[in-house]
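Everything on this sheet refers to the single structure shown next.
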Amino acid sequence: MQHPPSRRAADSPNPPSPGYPGYDEEVASRLTLLDFYHAWYGYRFWFIAGFLIVAVGAFVWTKFFMPKFYRSEVRFFVGEKFTPESMIGLADIKLFTGSRNDQYQAVVHSNLAEQYLLSSDLITTVTWQLKHTPEEGQPPLDICQLLGIEEQDALVREAKLVKLMRENLLQVRLSGTTGIVIYQVEMPTPMAAARYANASVRQLQRQMTQQAFSYWDEARRLYDQELERVMAERRELALRLDRLPPYDRYGPIEQERKALKEQLDVQAEQIALIRSQVELLRLATEPTAKAAAQPVKVIDWGDPPIKKSRPKTILTTILAAGLYSFVFMLGLVIAGFFTAQARRA
C-alpha cells in the first residue's frame, strides 16, 4: 500500500518520485523553462549580432537619410480690448448718429489669432510673399519646392500645402492663464523655419491692425467727403454773394446778402469743426500710430534653431532596438513552448 509523501518530503529540493501527485506538472514546467533557456543560449550570438545591426542601422538611417525638420517659435500676446481713441482722445468723435464705442467695439482674443494663423488665406499669403516679395536683404524662399510639392495646378498645390502645414508643420499653443500665444513652425532648414514664423506673425499683425482700425479708416474717408461737400457749398454761396447787385440798403437784395453771409459764417464754423476731426483721424490712422497701437504684441521673434526637432536619433535607435529585442524574445518563447510540447508528447 502506497502512502502520499509527507509535507517535509514535498518541501524537499529533490523532485517527487514518479507516480506521486504533482510529478507531471513539475516535469513539464522544468522542461519549458529549460528549453527556453537552451534556445536563448544557443542563439545568443545571433541575438547580439541582430541587436547591433538593428541599432546601428536605425541610427545611421535616422541620422543621415531621414528628412530633418527644424522648429522655430514666436511668442506674442493679443490685447483683450483695443480702442484707438484711447491713444489720442477720440472717444467723443461721432459719425452721423452712431459712436464707435457702441457700434464698432472690437474685442480680439487669442483664439482668433489661432484661427488666423492656421487659416488657408494666411498660409497661402505668407508663402506667396516669401517667394515673390521677400524682405530686403533676404533671397526668395519657395516653400512648396522646399517641401517637395511640385503639382502644376495652382489650386491642387495650395490645397496640399495647406493640408501639410496644418497637420504636420504648424502648431499654436496657448500658455495657460497668461494669454501668451506660442506659434511653432517646422521646416527642412533652420532659416526657412524662422523666416516663415516671423512672416506669419507680421501678416497676423497686419490683419488684426486692419480689423482694429477699419472704422477709423472709413471714418476718415467719410469726413473727407463731408468736408469737400461743405466747402463746395461754401464756394457756391460765395459766388452767389459776389454776383449780387451793388449796395441796396433796404431792398430784398440786401436781405439776401445778409442771409448769405450768415450761411457762410455757419459753414465756416462747420468746416473748422470737420477739419479738426479730420486731423484727429489722420493722426489715429498714421502708420506709426497703427504700429504702436496694433493689438498683437510680440515678446520673442523666431530665431533659426541650432538643433533639429525631428527625427530624434537617440530615441528612434532605442525604440528600434527595444522592438527587435521584444520580437526576438517572443520568438524564443513560442519556439520553446512548441519544443516542450513536442517533447512531452
Quick test of your reading of the model: are Glu135 and Arg195 salt-bridged, counting only N-O distances below 4.0 Å?
no
Within a radius of less than 6.0 Å around NZ of Lys297, do more than 12 heavy atoms belonging to other residues, nucleotides or ligands occur?
yes
With side-chain contact (heavy atoms from CB on, under 4.5 Å) as the test, would you mind laying out the steps for Val74 and Asp300 before giving the verdict?
CA-CA 6 Å; Val74 180; Asp300 294 316; over 6 Å; no
Same apolar cluster (I L V M F W Y, side chains within < 4.5 Å links), Met191/Trp301:
no
Find out if a path of hydrophobic residues (ILVMFWY) with successive side-chain heavy-atom gaps under 4.5 Å connects Trp61 to Phe64.
yes
Are any of the side-chain heavy atoms of Arg234 and Val230 separated by less than 4.5 Å?
no
Would you say CD1 of Ile306 has more than 12 non-hydrogen atoms from neighbouring residues, nucleotides or ligands within 6.0 angstrom?
no
Apply the test side-chain contact (heavy atoms from CB on, under 4.5 Å) to residues Met231 and Ile271: give CA-CA distance (whole Å), side-chain angles for both, the deciding distance (0.1 Å), then the verdict.
CA-CA 7 Å; Met231 292 183 67; Ile271 289 174; 3.8 Å; yes
Is there a path of hydrophobic side-chain contacts, each under 4.5 Å between heavy atoms of I/L/V/M/F/W/Y residues, joining Ile123 to Leu155?
no
Do Leu273 and Glu269 have side chains that approach each other closer than 4.5 Å (heavy atoms only, starting at C-beta)?
no
Give the minimum heavy-atom separation between Gly302 and Ala194, together with the two atoms involved.
O-CB, 4.0 Å
Atom OG1 of Thr125 and atom CZ of Arg206: how far apart are they, to the nearest 0.5 Å?
9.5 Å
Can you hop from Leu141 to Trp128 via hydrophobic side chains spaced under 4.5 Å?
no
Side chains of Pro188 and Leu147: closer than 4.5 Å at any heavy-atom pair?
yes
Pair Lys68, Glu186 - check side-chain contact (heavy atoms from CB on, under 4.5 Å), show working.
CA-CA 10 Å; Lys68 300 177 180 60; Glu186 287 188 331; over 6 Å; no
For a quick test of reading the model, state the closest non-hydrogen atom pair linking Ala113 to Val78 and the distance between them.
CB-CG2, 3.9 Å
Rounded to the nearest 0.5 Å, what separates atom CG in Leu319 from atom OG1 in Thr62?
10.0 Å
Looking only at heavy atoms, the pair that brings Ser200 and Leu117 closest together is O-CD2, 4.1 Å
Do Leu174 and Val181 make a side-chain contact, defined as non-hydrogen atoms from C-beta onward lying under 4.5 Å apart?
yes
May I ask you to check whether over 12 heavy atoms, not counting those of Gln210, lie within 6.0 Å of atom CD?
no
Side chains of Phe59 and Thr316, heavy atoms from C-beta outward: is any pair under 4.5 Å?
no
Examine the side chains of Arg202 and Gln205 and answer whether a donor and an acceptor come within less than 3.5 Å of each other.
no
Phe47 and Tyr324 aromatic ring geometry - parallel, tilted or perpendicular at 30°/60° bounds
parallel
When rounded to the nearest 0.5 angstrom, what distance separates CD in Glu233 from CZ in Arg235?
10.5 Å
Taking atom NZ as the centre, does Lys160 end up with more than 12 heavy-atom neighbours from other residues, nucleotides or ligands that are less than 6.0 angstrom away?
no
Mind running side-chain contact (heavy atoms from CB on, under 4.5 Å) on Leu170 and Tyr183 for me, showing each step along the way?
CA-CA 8 Å; Leu170 300 182; Tyr183 177 56; 3.5 Å; yes
Among side-chain atoms of Glu158 and Thr124, is any donor-acceptor pair under 3.5 angstrom?
no
Can you tell me how far apart CE (Met66) and NZ (Lys308) are? Round to the nearest 0.5 Å.
10.0 Å
Is the closest basic N to carboxylate O distance between Glu236 and Arg240 below 4.0 Å?
no
All side chain to side chain contact (heavy atoms under 4.5 Å, CB included) counterparts of Tyr116, not counting sequence neighbours
Leu112, Leu204, Gln207, Met208, Gln211
What are the two closest non-hydrogen atoms of Ala192 and Thr189, and how far apart are they?
CB-OG1, 2.9 Å
From Leu264 atom CG to Glu262 atom CD, the distance as rounded to the nearest 0.5 Å:
10.0 Å
Quick one: are Lys131 and Ile143 in side-chain contact, heavy atoms under 4.5 Å?
no
To the nearest 0.5 Å, what is the distance between CG (Leu130) and CG (Asn198)?
10.0 Å
If two hydrophobic side chains count as joined below 4.5 Å and joins carry through other members, does Leu52 share a cluster with Met329?
yes
Strictly distance-based, threshold 3.5 Å: is any side-chain N or O of Arg166 a donor or acceptor partner for the main-chain N or O of Leu118?
yes
So for atom CD, which belongs to Gln145, do other residues, nucleotides or ligands contribute more than 12 heavy atoms lying within a distance under 6.0 Å?
no
Do side-chain atoms of Ser72 reach the backbone of Asp303 as a donor and acceptor pair under 3.5 angstrom?
yes
